[in-house]
Amino acid sequence: GAWQLQRLDWKTGLIARIEAAQREAPVPAPGPAQWPALSRETHEYQRLALQGHYEAGREVQVRASTALGRGHWVITPLRTPQGWWLLVNRGFVPEGGRVLPAPTQAGGAVALWRASEGPRLLWQTNAPEAGRWVTRDVQAIAQALGLGGAVAPYFADLAADPTPTQDPTAANAWPRAGLTVLAFSNNHRSYALTWFALAALVAGAAGWWLRDEWRLRRAAGAARPEPRHRLARPAPATAAPPRP
């Protein structure tokens with residue numbers, strides 16, 4: 001229950017941070033001078049205005065599961081005007097879907113700041129040599145793509161284009177951007193109450209059992225017969241008084 005209360009505090013802060021970030025205007029993607037100060041707690045889901053040109057010939061696909069089903073995220077490197085690299089998740093493509101090439105320029109597209117993911121997902125691991133990716137590990141992807149120079153320690157999820165140039169429902173409209181999950185359920189309060197209630201029931205049941213056991217033992221002690229006393233030893237015989 002205490003752990004669920006901690007989760008409640010964390011989830012409430014996360015939801016509030018996301019809602020506040022979505023109301024703010026996009027800002028330029030943080031550059032090398034800002035990288036040491038970046039953190040998931042302060043920058044996750046911040047809206048970014050991307051500038052630069054894509055390297056469409058060098059990209060990877062990372063396994064994904066979305067509202068549209070299973071498939072892959074298309075990760076394409078973007079070289080910024082300052083010369084450093086930013087990995088951009090251009091969106092989702094289903095299994096067997098045809099990936100359209102990236103545009104030459106980012107043109108101020110809006111994206112969301114995302115923290116780099118670890119190299120492992122449960123029992124699955126990235127296998128760059130086999131072209132199998134299960135997490136968006138920025139450092140590993142940059143190394144696999146052979147990106148020279150500085151690479152941002154985060155990646156960006158491209159947001160949906162508010163004025164798409166093609167029908168977003170078209171069969172070949174892949175990758176599909178804007179599928180970042182921004183709505184999270186928050187049931188930790190009810191979870192905490194459930195665990196505390198279960199703990200109270202267990203404590204109450206234990207108390208009842210101990211009280212009942214005490215009463216049974218007390219009743220059994222009251223009904224037990226008194227122990228038989230030992231037979232008294234006969235008094236030693238005394239000599240008869242002398243006759244007068």
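Between Glu44 and Trp113 there is a side-chain heavy-atom pair separated by less than 4.5 Å. Side chains of Gln4 and Phe196 form no contact here, defined as non-hydrogen atoms less than 4.5 Å apart. Within the 4.5 Å cutoff, the side chain of Val62 has heavy atoms near those of the Ile141 side chain. Trp133 places a side-chain heavy atom less than 4.5 Å from the side chain of Pro128. Leu78 has its side chain within reach of Leu50: a pair of non-hydrogen atoms, C-beta onward, lies under 4.5 Å apart. Side-chain contact between Ile75 and Arg136 is present, with at least one heavy-atom pair separated by less than 4.5 Å. With a 4.5 Å cut-off on side-chain heavy atoms, Asn89 and Pro175 do not count as touching. Using a 4.5 Å cut-off on side-chain heavy atoms (C-beta onward), Leu147 and Arg58 make contact.
Atom-to-atom distance recorded for Tyr191:OH and Trp3:CH2 is 10.0 Å, nearest 0.5 angstrom. Atom CG of residue Leu210 and atom CH2 of residue Trp208 lie 10.5 Å apart, to the nearest 0.5 angstrom. Summarising the geometry, atom CZ belonging to Arg217 is positioned 11.0 Å from atom CG belonging to Asp212; distances are rounded to the nearest 0.5 Å. Here OH of Tyr45 is found 8.5 Å from CG of Asp157. Values are rounded to the nearest 0.5 Å. One distance of note links OG of Ser116 with CG of Leu38; it measures 12.0 Å at 0.5 Å rounding. Between atom CZ of residue Arg132 and atom NE2 of residue His72 there is a gap of 10.5 Å, rounded to the nearest 0.5 Å.
Summarising the geometry of Ala152 relative to Trp35, their closest heavy-atom pair is CA-CZ2, 3.4 Å, with the distance given to 0.1 Å. Between Ala64 and Trp73, the closest heavy-atom pair is CB-NE1, 3.3 Å. Minimum heavy-atom separation, His53 to Glu55: NE2-OE2, 3.5 Å. Val110 approaches Pro26 most closely through the heavy-atom pair CG2-CG, 3.9 Å. Summarising the geometry of Pro28 relative to Leu48, their closest heavy-atom pair is O-CD2, 4.2 Å, with the distance given to 0.1 Å. Residue Pro36 comes nearest to Pro32 through the heavy atom pair CD-O, 3.6 Å, listed as atom of the first residue, atom of the second, then distance.
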Gln46 and Leu112: side-chain contact (heavy atoms from CB on, under 4.5 Å), yes or no, with the steps? CA-CA 5 Å; Gln46 184 182 53; Leu112 302 177; over 6 Å; no

Could you go through Asn126 and Thr135, starting from their C-alpha distance and side-chain angles, then the distance that decides it, and tell me whether this counts as side-chain contact (heavy atoms from CB on, under 4.5 Å)? CA-CA 7 Å; Asn126 294 322; Thr135 66; 2.9 Å; yes

Quick one: do Val134 and Thr125 satisfy side-chain contact (heavy atoms from CB on, under 4.5 Å)? Show the steps, please. CA-CA 6 Å; Val134 295; Thr125 59; 5.6 Å; no

Walk me through whether Gln61 and Val99 qualify under side-chain contact (heavy atoms from CB on, under 4.5 Å). CA-CA 10 Å; Gln61 294 189 16; Val99 178; 3.6 Å; yes

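Hydrophobic cluster membership differs between Val74 and Val88, with clusters built from Ile, Leu, Val, Met, Phe, Trp and Tyr side chains linked at under 4.5 angstrom. Under the 4.5 Å side-chain heavy-atom criterion for ILVMFWY residues, a single connected hydrophobic cluster contains both Leu145 and Val138. A continuous path of Ile, Leu, Val, Met, Phe, Trp and Tyr side chains, each step under 4.5 Å between heavy atoms, connects Tyr154 with Val27, placing both in one hydrophobic cluster. The hydrophobic cluster containing Trp85 also contains Leu87, counting ILVMFWY residues as joined when their side-chain heavy atoms lie under 4.5 angstrom apart, directly or transitively. Hydrophobic cluster membership is shared by Leu68 and Val93, with clusters built from Ile, Leu, Val, Met, Phe, Trp and Tyr side chains linked at under 4.5 angstrom.
At a cut-off of 3.5 Å, with distance as the only test, a side-chain donor of Arg90 or Thr76 sits close to an acceptor on the other residue.
Atom CD of Gln22 has more than 12 neighbouring heavy atoms from other residues, nucleotides or ligands inside a 6.0 Å radius. A 6.0 Å sphere centred on CH2 of Trp84 holds more than 12 heavy atoms belonging to other residues, nucleotides or ligands. The number of heavy-atom neighbours closer than 6.0 Å to CZ of Arg120, taken from other residues, nucleotides and ligands shown, is 12 or below. In this structure, Gln139 places its CD atom where only 12 or fewer heavy-atom neighbours from other residues, nucleotides or ligands lie under 6.0 Å away.
Taking the ring centre of Trp174 as origin, the terminal cationic atom of Arg176 falls inside the region bounded by 6.0 Å and 45° from the ring axis.
A salt bridge is absent between Glu95 and Arg70; no separation between the charged side-chain nitrogens and carboxylate oxygens falls under 4.0 Å.
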